[in-house]
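Have a look at the structure below before the remarks.
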Amino acid sequence: MPTLWFVASLVVLIVAWQAAVEAELVSRLLFSSPSAVVEAAVSEVQVSRFWTDILATTTEFVLGFGLSVVVGVPVGLILGTQDRVRYLVGPLVDALNSTPQIAFLPLVLVWVGPTGRAAVVIAFLSAVAAVIINTQDGVKTVEPRFLAVARSFGASRTQTFVTVLLPATVPFVIAGLRIGVGHALVSVFVAELFVASSGIGKMIELAGQTLHTERVYLGTLVFIAIGLALFTVVRIVEGRLQHWRPREGGEL
Amino acid sequence: MVALEDVSLQVEQGEFVTLVGPSGCGKSTLLSMVAGLLQPSSGDVLIKDRVVDGPGRDRAMVFQDSSLFPWFTVLRNASYGLYCQDVPRKEAIERARKVVELVGLGSFENHYPHELSGGMQQRLNLARALAVDPDILLMDEPFAALDPQTREMMQAELLRIWEPGGKTVLFVTHAIQEAVYLSDRVIVMSARPGRIIADIPIEIPRPRPFANKRDKLFLRYEDDVWNLLTDEMTATMQRELTAGEPT
């Protein structure tokens with residue numbers, strides 16, 4: 001039922017848009033039209049450059065975000081369990097988390113040059129703080145009664161870690177991943193605007209400058225699709241790791 | 001804050017001993033000390049003449065509600081203690097399966113705790129403790145969260161499971177009827193700081209059918225415990241109301 005409503009509103013929007021352009025209520029040049037976007041899509045999918053751009057954006061994102069998970073989860077676990085390390089490093093992570101990470105872009109461009117690698121680094125920086133902080137919070141909020149159970153059965157530190165801390169932290173890690181995905185996507189997009197070679201961000205920027213508005217829309221749609229695909233992946237991972245949780249209504 | 005004062009209690013092997021007392025009288029604290037989860041600030045807990053300095057394989061705790069690991073299935077929850085003792089996986093699963101069956105959850109091995117009712121969860125809680133085959137079972141208000149009927153059923157179940165095994169049980173509860181029904185001895189504790197004010201042997205033969213609960217003898221035991229507790233409950237309530245100090 002909710003899907004039906006959503007589709008209906010989408011159809012109304014598209015029809016209204018097309019009608020407004022046909023009736024010349026708005027400029028075709030500035031606003032393009034749904035039919036022009038479809039035409040652009042039909043011609044673009046036959047151009048290899050289009051696919052190269054998609055691949056470039058996806059690769060940058062997957063590398064940057066993947067790195068933030070590989071680094072962020074262990075660091076978060078350490079910060080959550082080792083108070084001294086948290087005193088040392090915690091404020092830095094908080095600082096990184098409360099900065100718009102894209103502000104590091106000029107610096108990153110100086111470090112790695114204006115290539116796709118800059119997008120990878122900035123995606124990493126954007127996601128990693130959220131992953132670390134959420135993981136750390138997860139460890140810190142483990143229910144004491146579960147730790148008491150482990151202790152009463154004589155669990156070793158490793159056993160407690162594997163059977164209590166890790167599973168209890170998973171929901172928090174997932175929450176961190178969700179935030180991280182959003183941050184990293186924004187960063188990849190912005191980085192591509194500045195990076196010379198390829199990527200959907202680049203495609204949108206070039207199309208905008210040459211007033212190919214239909215390709216701007218197309219690029220945006222592709223970006224949305226990539227974003228949704230990534231959120232879906234996170235949700236699948238979540239389902240895999242949390243099959244033990246009671247199913248609740250009201251998902252996203 | 002002093003939870004317990006001058007508590008001296010001796011429990012014989014195979015005895016079922018219950019601690020009752022007003023809220024905050026330190027009965028759970030006492031249980032945690034026997035479990036080795038807390039150290040007494042003075043004095044010792046001795047088991048077979050050895051001082052308790054931490055959790056041990058001779059004891060297992062049945063916690064209050066929802067201490068089951070929600071991320072493990074019934075079988076893995078039941079085998080948890082064995083896992084901690086590094087019992088080989090196959091043997092652990094086998095032993096866990098036996099206790100799961102003993103507590104009546106045989107057909108729920110692969111369910112997760114949230115799929116079980118409150119009573120079933122406490123069966124599993126009991127199974128997890130029984131799996132390590134402890135000499136002493138420590139039970140901290142295990143049935144407190146259950147509805148009254150389920151609670152009575154679980155009391156009978158506990159006796160059915162415990163009676164042939166000869167394990168020592170130290171059981172904490174607020175429910176006087178539960179204490180009398182289950183125990184060989186009921187220990188009545190005072191308001192905080194907790195002291196032992198009575199040690200009542202319950203001389204009702206076992207096995208004890210439900211109908212026992214309406215026997216004259218049974219009711220007299222209940223009255224005895226209740227009368228002893230009333231003064232303490234009044235004291236606790238007075239203190240809460242005058243000092244504004246909830247317990």
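Naming convention: chains lettered A, B, ... in sequence-line order (proteins, then strands); numbering from 1 in each chain.
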- Item | CZ on A/Arg145 to CZ on B/Phe63, rounded to 0.5 Å |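 Rounded to the nearest 0.5 Å, the CZ-CZ separation comes out at 11.0 Å.
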
- Query: So how far is it from B/Trp71 CH2 to A/Leu241 CG, rounded to the nearest 0.5 Å?
  - Reply: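 B/Trp71 CH2 to A/Leu241 CG: 13.5 Å, rounded to 0.5 Å.
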
Apply side chain to side chain contact (heavy atoms under 4.5 Å, CB included) to residues A/Trp244 and B/Thr73 and explain how you reach the verdict.
CA-CA 8 Å; A/Trp244 50 268; B/Thr73 60; over 6 Å; no

Tell me if a side-chain donor or acceptor on A/Arg151 pairs with a main-chain N or O of B/Pro55 at a distance below 3.5 Å.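 Not confirmed, A/Arg151 side chain does not pair with B/Pro55 backbone.
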
Region of A/Ser152 that comes under 4.5 Å of a non-hydrogen atom in chain B: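 The answer is both parts of A/Ser152.
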
Side chain, backbone, both or neither: which part of A/Val164 has an atom under 4.5 Å from a heavy atom of chain B?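 Both parts, backbone and side chain.
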
Apply side-chain contact (heavy atoms from CB on, under 4.5 Å) to A/Asp83 and list each qualifying residue two or more places apart in sequence or on a separate chain.
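A/Arg86, A/Tyr87, A/Lys140.
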
Sort by residue number and list every member of residues 84-92 of chain B having a non-hydrogen atom under 4.5 Å from chain A.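 Heavy-atom contacts from residues 84-92 of chain B to chain A are B/Cys84, B/Asp86.
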
Discussion item. Check the orientation of A/Phe146 and B/Phe69. Use parallel for under 30°, tilted for 30 to 60°, and perpendicular for over 60°.
Written reply: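 Ring orientation of A/Phe146 relative to B/Phe69: tilted.
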
Strictly less than 4.5 Å between heavy atoms, which residues of residues 56-74 of chain A line up against chain B? Please order them by number.
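The stretch does not come within 4.5 Å of chain B.
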
Do any pairs count as a salt bridge (Lys or Arg N to Asp or Glu O under 4.0 Å) and have a residue in residues 110-124 of chain B, sequence neighbours left out, and if so which ones?
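Listed by first then second residue: B/Arg123-B/Glu157.
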
Only pairs of heavy atoms separated by less than 4.5 Å count here; which of B/Pro134, B/Gly56, B/Pro70 has the most with chain A?
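Option with the greatest count: B/Pro70.
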
Between A/Thr163 and B/Tyr80: side-chain donor-acceptor atoms closer than 3.5 Å
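Side chains of A/Thr163 and B/Tyr80: pair found under 3.5 Å.
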
